[in-house]
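Okay, structure first, notes after.
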Protein chains: 2
Amino acid sequence: MRRFLDITKALSDESRVRALLALRDGELCVCQLIELLGSAPSTISKHMTVLEQAGLVECRKDGRWRFYRLPGLSAADTVKGAYEWLALSLGKSPQATEDRKRLKEILRRKKEDISECYKN
Amino acid sequence: MRRFLDITKALSDESRVRALLALRDGELCVCQLIELLGSAPSTISKHMTVLEQAGLVECRKDGRWRFYRLPGLSAADTVKGAYEWLALSLGKSPQATEDRKRLKEILRRKKEDISECYKN
DNA sequence: ACTATACTTCGCCAAGTGGCGAAGTATAGG
DNA sequence: CCTATACTTCGCCACTTGGCGAAGTATAGT
């Protein structure tokens, strides 16, 4: 029950849901999520911690970056079930489509230029 | 997205989740849910309203009683998916088993005696 | 060593949530 | 009509949550 409620609480915020949907296309670092979701770094950081505690994402550190990704096949059934439900419900939603488009833009831009999340 | 978040928020409270699991065995009136969940009438009433707004339960009025039940086959895919996920995750949990047992007790008692939720 | 970037932690605030009891509404029964 | 039962609505309180910026930590580059 505890685990289940951790997941439902994690899923009851729009930014967190959008982050999960965005991660379908592959892992992302925090600064990319910041750009996509448009909130402050501290806010996104907190969101990703919530998702991680719920077991909905896994984390990998690489240099200065912290990459988040969807959990693998070893994930608990509850987590896998949550993803199936999420994909069924919002996989093709306008929000998901729009974000996917913006994400491509962001990823493309990364190749030439470096992030601007922390420029003042 | 709105609809989805209504559901995840509705699912992120233990009492509401227990209520949904209890309704698997058939419709229940508010006073039975009060007995099962052990909260004040006003609290349970609020919970059931949240579930109804999210589309997770349907309501039927009969005399003084208000019966809640799980939605039928006409329910939205997101709602049906939520139930599949819920059943997969908590269908056989200790809490659900315990509640099912207590519920039988409550339903049996109803046949002889009337509810005592509102006795002071 | 110094600076810049990437990210987290902390402290704060406004808004939302779950809990209750008291009071209100609705229906059934004497 | 009066009372009891079933339930809702309202007002309140304690707690949680999401947001931010400022300050702190960690790593990479110079």
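No hydrogens, no waters, no symmetry mates; every other heavy atom, side chains included, goes into these values. Below, read A as the first sequence line, B as the second, and so on, with proteins coming before strands; counting in each chain starts at 1.
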Q) C:dC7 P sits how many Å from A:Arg60 CZ, rounded? A) 12 Å
Q) So what does A:Tyr68 hit on the nucleic acid, given a heavy-atom distance under 4.0 Å: a base, only sugar-phosphate, or nothing? A) sugar-phosphate
Q: Specify the separation, in whole Å, of atom CG of A:Leu33 and atom C1' of D:dG19.
A: 17 Å
Q: Would you mind telling me which residue lines up with the more 5' stretch of DNA chain D, B:Ser45 or A:Asp13, judged by nearest nucleotide?
A: B:Ser45
Q: Taking the side chain as every heavy atom from C-beta outward, state whether B:Cys29 and B:Tyr68 have any pair of such atoms under 4.5 Å apart.
A: no
Q: Could you walk me through whether B:Asp62 and B:Arg60 pass salt bridge (Lys or Arg N to Asp or Glu O under 4.0 Å), step by step?
A: CA-CA 6 Å; B:Asp62 183 11; B:Arg60 175 175 75 85; 3.8 Å; yes
Q) Once you round it to whole Å, what is the distance between P of D:dG18 and CD of A:Gln53? A) 13 Å
Q: Quickly work out the A:Ile44 CD1 to C:dT8 P distance and round it to whole Å.
A: 11 Å
Q. Could you give the CD1-to-C1' distance, from B:Ile34 to D:dT5, as a whole number of Å?
A. 11 Å
Q. Just how far, in rounded Å, is C1' of D:dC20 from CG of A:Leu37?
A. 16 Å
Q) Is a side-chain donor or acceptor of B:Arg108 paired with a backbone partner of B:Leu103 at a separation under 3.5 angstrom? A) no
**Q.** Watson-Crick or G-U wobble mate for C:dA22, both contacts under 3.5 Å
**A.** D:dT9
Q. Taking only side-chain nitrogens and oxygens of A:Arg66, does any of them come within less than 4.0 Å of OP1 or OP2 of D:dT27?
A. no
Q. A:Leu107 versus A:Lys104: any side-chain heavy-atom pair under 4.5 Å?
A. no
Q. Looking at C:dG21, does its base get a donor-acceptor pair with the side chain of B:Ser42 below 3.5 Å?
A. yes
**Q.** B:Arg102 with B:Glu35: basic N within carboxylate O range, under 4.0 Å
**A.** no
Q. Taking the nucleotide of DNA chain C with the closest heavy atom to each, which residue, B:Gly38 or A:Met48, is nearer the 5' end?
A. A:Met48
Q) Between atom CD in B:Glu14 and atom P in C:dT17, what is the gap in whole Å? A) 19 Å
Q: Could you state the atom-to-atom distance from NZ of A:Lys9 to P of D:dC15 in whole Å?
A: 15 Å
Q: Tell me whether the OP1 or OP2 atom of D:dT17 has a side-chain N or O from A:His47 closer than 4.0 Å.
A: no
Q. What is the ring orientation for A:Phe4 with B:Trp85, classed by angle as parallel under 30°, tilted 30 to 60°, or perpendicular over 60°?
A. tilted
(Q) Please pick, from D:dC7, C:dC20, C:dC7, the nucleotide with the shortest atom-to-atom distance to any side-chain atom of A:Cys31. (A) C:dC7
Q | Assigned partner base of C:dT17, Watson-Crick or wobble definition, under 3.5 Å | A | D:dA14
Write out a two-atom table: protein N or O, nucleotide N or O from nucleotides 24-30 of chain C, distance below 3.5 Å.
residue, atom, partner, partner atom, Å
C:dA28, O4', B:Arg64, NE, 3.4

(Q) Need one value for B:Thr49: base, sugar-phosphate or nothing, where a base atom within 4.0 Å counts as base even if backbone is also close, heavy atoms only. (A) nothing
Q) Excluding sequence neighbours, so at least two apart, what forms side-chain contact (heavy atoms from CB on, under 4.5 Å) with A:Ser45? A) none
Q: Among A:Ser15, A:Ser39, A:Ser42, find the residue that satisfies the side chain to side chain contact (heavy atoms under 4.5 Å, CB included) test when tested with A:His47.
A: A:Ser15
